[in-house]
Colleague: 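Pasting a structure here, questions to come.
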Amino acid sequence: MKTILFSIPLLFFLFLQLISGGRFHGSEFLNGFTDTIGLRDEFSKSPVLSAAESIKKMKLEQGFSIQIVAEEPLLNSPVAMSFDNNGRIWIVEMENYMPDTLGSGEDLPTGKIVILSDKNRDGKMDQRTIFLDSLVLPRAISLFENGILVAESPNLWFYEIVNDKPVRKVLVDAAYAEGGNVEHQPNGLFRALDNWIYNAKSGKRYRKKEDKWLIERTHFRGQWGITQDDQGRIFYNNNSENLQGDYFSPGLGASNENQQRLAGFSESIIKNNKVYPIRQTPGVNRAYMTGILDDSLRLVNFTAACGPVIFNSTLFGADYYGNAFVAEPSANLIKRNILINTGYIVTGQQAYKGREFLASTDERFRPVNLSVGPDGALYIVDMYRGIIQHKTYLTPYLKGQIKARGLSDPINYGRIYKIVPKGKKAEKLSIPNDSGHLIKLLDHSNGWVRNKAQQVIVDSKNKELEISLRALLTNTNRPLAAIHALWSMEGLSVLKKEDVLPLLKNSDWTLRMQALNSVPSVMNKDNYKEFLNIFRLILNQNDTLAAPYLAFLNPYLASFDSIAAKQVLADLAKKYPNNIYVADAVISNLKNRETVFYRELAADTSVAISKRLKKLIEDKEKKSGNSVDASKEYPKGATLFRSICQTCHSADGNGINGLAPPLNKSDWVTGDKSRLIKVILYGLSGPITIGTKVYKLPEISGEMPGLASNSNFTDEDIAQVANYIRNSWSNKGDKISKETVSEIREKYKGRQKAFNEAELK
């Protein structure tokens with residue numbers, strides 16, 4: 001009966017849409033959808049539960065238990081967390097995120113950074129200290145040296161800390177988060193193995209050198225949350241993809257801005273995006289669309305994937321070490337994935353079919369971030385609230401769902417949980433300042449401890465640790481400890497060529513890989529020839545694993561010997577003509593020299609490197625031309641583009657891999673006016689063909705949301721943003737009036753479903 005009740009009203013709605021050409025006013029129909037789809041009584045309401053009651057609604061993998069670490073009133077709307085050396089938890093509170101369906105007061109300075117302490121040492125936090133308040137939607141923190149980085153859009157700040165209080169504020173980046181709404185802005189501030197700080201939804205990385213903050217271009221990654229494995233490779237996701245990641249070190253290969261897609265970066269690690277909630281989940285934004293929910297009214301695929309963590313603790317046992325856990329707050333669950341390493345390539349699969357590691361029937365359970373803790377347990381940041389969809393894309397349907405179950409209130413809840421194996425005690429560990437103990441902790445079984453010990457060593461700037469670290473580095477029988485010793489030395493600026501050269505010949509690939517990653521830190525004008533000799537030896541030995549790295553390292557070699565560097569690239573292209581990873585690594589060196597190299601290559605156009613070079617050259621030519629800025633003529637359109645469109649389509653209109661296709665030189669933009677208006681108002685569901693290229697998952701997200709349901713955007717606003725993109729970059733299109741927008745809106749009044757390519761054509 002449940003299936004019948006679901007199918008008849010939905011099919012009837014689609015039938016009315018069809019016969020009316022999409023003009024059927026379905027808002028009231030959809031707002032009352034839950035009354036007709038057969039929601040089970042237990043899911044028709046979503047009462048506010050205490051943390052203890054909420055745990056009773058969770059179904060957890062056998063052999064594990066979940067414990068409360070912190071709950072309200074100790075914290076409010078947590079979105080990110082970080083442990084300090086003493087095991088205290090620093091929390092980012094985004095209190096005024098979507099206080100109602102209109103987002104009223106979202107710009108009020110109510111956000112905070114708080115410190116939670118466990119004074120009685122019973123494992124549960126019992127003291128709250130406000131470190132920083134009066135923030136507008138803060139989103140990320142990172143403890144660093146004697147202070148803390150705080151992301152409060154659009155700025156990135158560094159605060160020095162004295163006695164748990166901020167004493168000096170330094171602006172690190174005034175453009176940390178330009179444009180985009182709160183769902184689509186940089187976050188993470190993740191201190192990686194290579195001593196740089198990386199972010200999700202961002203193409204920047206940060207590092208402090210003496211008293212100066214460095215900002216460098218890196219690969220654009222993910223949406224919300226960021227993590228790394230033991231080799232320092234970065235992992236992340238977007239809202240519709242389980243897990244994405246890099247095969248190579250995160251700081252390499254980002255030097256050619258003409259290269260839109262680089263093999264080995266932003267790879268789809270887990271291609272299976274199915275989820276298995278244990279409750280009916282009509283409260284997702286487009287649940288009325290075919291395929292979003294199954295016949296039992298449960299979400300089918302990820303729609304809000306976020307907060308991933310690579311679990312590098314031994315507390316759960318060998319089968320769980322290196323697993324990737326991913327949060328899905330819309331379906332109230334946490335997924336477990338098993339990763340497989342083959343050389344530098346990472347693949348994986350879901351750990352279970354038809355079930356999850358953790359799932360809840362409490363609709364307000366919203367896991368938004370995951371972390372390994374000092375005790376080796378898996379920690380969960382639960383925002384615990386009803387509304388998680390931002391107002392920019394909030395549909396009338398979801399507003400109806402929120403109203404039906406009273407999900408707007410309250411907004412002052414939040415929890416931190418941890419998961420531990422039954423029968424095992426998670427021992428809390430503090431990071432000492434004693435140098436001898438710090439060195440030993442680089443060999444700890446818990447990856448969080450190893451990483452934190454490295455960070456404390458680097459932050460100490462104590463170069464007297466060089467001898468002890470070098471002793472650990474040379475003991476290659478303990479590769480993880482040796483890797484952390486290497487990067488600790490790099491962070492202290494005491495790493496030398498004599499440390500790296502032997503590792504480049506080591507039989508253990510993980511050590512060879514880290515040695516290659518560290519070459520830029522030790523290569524100089526006095527020793528580059530020694531590295532060049534090693535590079536040539538690697539080439540002659542057919543080391544296919546190291547080959548892409550030789551290309552990634554070429555810019556550093558070229559700064560000392562451009563002729564030798566050019567020859568290495570040519571040799572790589574000749575030796576590995578069909579290896580896409582080598583090909584793209586070579587191309588990453590060729591900014592604005594692609595055509596010259598292609599001609600010099602004179603290679604068979606059927607091989608991978610020639611094909612990829614030719615494609616890049618063609619794409620580059622398509623994007624060339626006068627770069628027009630239409631912001632003066634359409635100022636409101638430019639502002640809306642920066643806040644809504646830019647974070648997926650890029651400031652230059654050329655799209656961002658993994659998110660959205662190009663707007664520049666797209667016939668979808670400059671062609672039929674009504675078609676563009678329909679897409680902006682109601683969204684577009686992929687795949688989509690632009691020119692001769694088909695864009696589809698994972699190259700772009702599955703669907704672009706529309707703005708018709710957002711009452712904040714007038715017809716004039718829609719016309720402005722349409723005209724801005726129609727007349728920016730290389731585009732030239734005739735003007736769209738607000739009257740034309742009004743006509744389209746009226747024609748499709750009540751439409752909720754996104755258009756697809758077939759409909760629009």
Side-chain angles (χ1 to χ4, degrees), residues 6 9-10 13-14 17 24-39 43-46 77 97-104 106 181-184 223-224 239-240 275 277 279-294 297-306 328-333 362-366 368 383-411 644 681-685 701-713 748-755:
F6 168 61
L10 181 56
F13 169 73
L14 294 175
Q17 282 281 325
F24 172 59
H25 195 320
S27 297
E28 291 81 6
F29 177 90
L30 288 168
N31 287 348
F33 194 40
T34 44
D35 296 331
T36 58
I37 58 176
L39 272 181
F43 301 135
S44 63
K45 303 292 182 183
S46 292
S77 309
Y97 175 76
M98 289 300 291
D100 54 34
T101 56
L102 299 176
S104 307
E106 191 177 71
N181 59 64
V182 68
E183 280 188 12
H184 290 275
Q223 187 166 342
W224 183 272
N239 57 11
S240 59
V275 293
R279 61 162 285 130
Q280 293 177 329
T281 56
V284 295
N285 213 19
R286 289 167 181 80
Y288 51 83
M289 290 175 57
T290 303
I292 301 299
L293 305 183
D294 63 16
L297 306 184
R298 300 184 185 192
L299 188 67
V300 175
N301 293 302
F302 274 110
T303 189
C306 62
E328 171 47 280
S330 286
N332 324 109
L333 60 84
D362 182 357
E363 187 171 13
R364 296 172 187 267
F365 170 60
R366 305 295 194 184
V368 294
M383 201 174 183
Y384 203 80
R385 59 171 52 206
I387 304 177
I388 56 170
Q389 175 68 60
H390 191 258
K391 63 181 180 181
T392 304
Y393 310 116
L394 194 64
T395 60
Y397 163 78
L398 187 52
K399 289 179 182 178
Q401 291 286 322
I402 291 166
K403 182 179 179 181
R405 292 191 299 286
L407 295 175
S408 292
D409 295 315
I411 60 168
I644 301 170
L681 284 175
Y682 302 104
L684 180 65
S685 179
S701 181
E703 180 179 325
M704 185 196 97
L707 301 176
S709 59
N710 192 321
S711 59
N712 291 320
F713 301 123
Y748 294 96
K749 188 176 181 180
R751 182 184 177 104
Q752 299 292 314
K753 182 182 178 182
F755 283 96

Colleague: In sequence, state the C-alpha distance, the side-chain angles, and the governing distance for His390 and Tyr97, and then conclude on side chain to side chain contact (heavy atoms under 4.5 Å, CB included).
Modeller: CA-CA 8 Å; His390 191 258; Tyr97 175 76; 3.7 Å; yes

Colleague: Would you call Leu407 and Arg364 a side-chain contact if the rule is heavy atoms closer than 4.5 Å?
Modeller: yes

Colleague: Would you please say whether a donor-acceptor pair under 3.5 Å links the side chains of Ser408 and Asp100?
Modeller: no

Colleague: With a 4.5 Å limit on heavy-atom distance, are the side chains of Ile644 and Phe713 in contact?
Modeller: yes

Colleague: Show the nearest heavy-atom pair for residues Pro329 and Ala304, with the distance to one decimal.
Modeller: CD-O, 3.2 Å

Colleague: Are Lys391 and Met98 close enough that some pair of their side-chain heavy atoms sits under 4.5 Å apart?
Modeller: yes

Colleague: Does Val300 reach the side chain of Val275, with side-chain heavy atoms less than 4.5 Å apart?
Modeller: no

Colleague: How close do Tyr397 and Ala287 get, heavy atom to heavy atom, and via which atoms?
Modeller: OH-CB, 3.2 Å

Colleague: Please determine whether side-chain hydrogen bond (donor to acceptor under 3.5 Å, both in side chains) holds for the pair Ser77 and Arg385, giving the CA-CA distance in whole Å, both sets of side-chain angles, and the decisive distance to 0.1 Å.
Modeller: CA-CA 8 Å; Ser77 309; Arg385 59 171 52 206; 2.6 Å; yes

Colleague: I'd like to check Arg286 versus Ser685 (side-chain heavy atoms, cut-off strictly below 4.5 Å). Are they in contact?
Modeller: no

Colleague: Quick one, Leu394 and Thr101 - any side-chain contact, counting heavy atoms below 4.5 Å?
Modeller: yes

Colleague: Given side chain to side chain contact (heavy atoms under 4.5 Å, CB included), test Leu707 with Thr392 step by step and report yes or no.
Modeller: CA-CA 7 Å; Leu707 301 176; Thr392 304; 4.0 Å; yes

Colleague: With no hydrogens and no angle check, just 3.5 Å: does a side-chain donor-acceptor pair link Gln223 and Glu183?
Modeller: no

Colleague: Determine, stepwise, if the pair Glu328 / Leu299 fulfils side chain to side chain contact (heavy atoms under 4.5 Å, CB included).
Modeller: CA-CA 10 Å; Glu328 171 47 280; Leu299 188 67; 4.1 Å; yes

Colleague: Under a 4.5 Å cut-off applied to non-hydrogen side-chain atoms, are Leu293 and Val284 in contact?
Modeller: yes

Colleague: Distance-only, no hydrogens or angles: does the Arg405 side chain make a donor-acceptor pair with backbone N or O of Ser44 under 3.5 Å?
Modeller: no

Colleague: CD1 of Ile388 to CD1 of Ile402: how many Å apart, nearest 0.5 Å?
Modeller: 9.5 Å

Colleague: Using a 4.5 Å cut-off on heavy atoms from C-beta on, say whether the side chain of Asn285 contacts that of Tyr393.
Modeller: yes

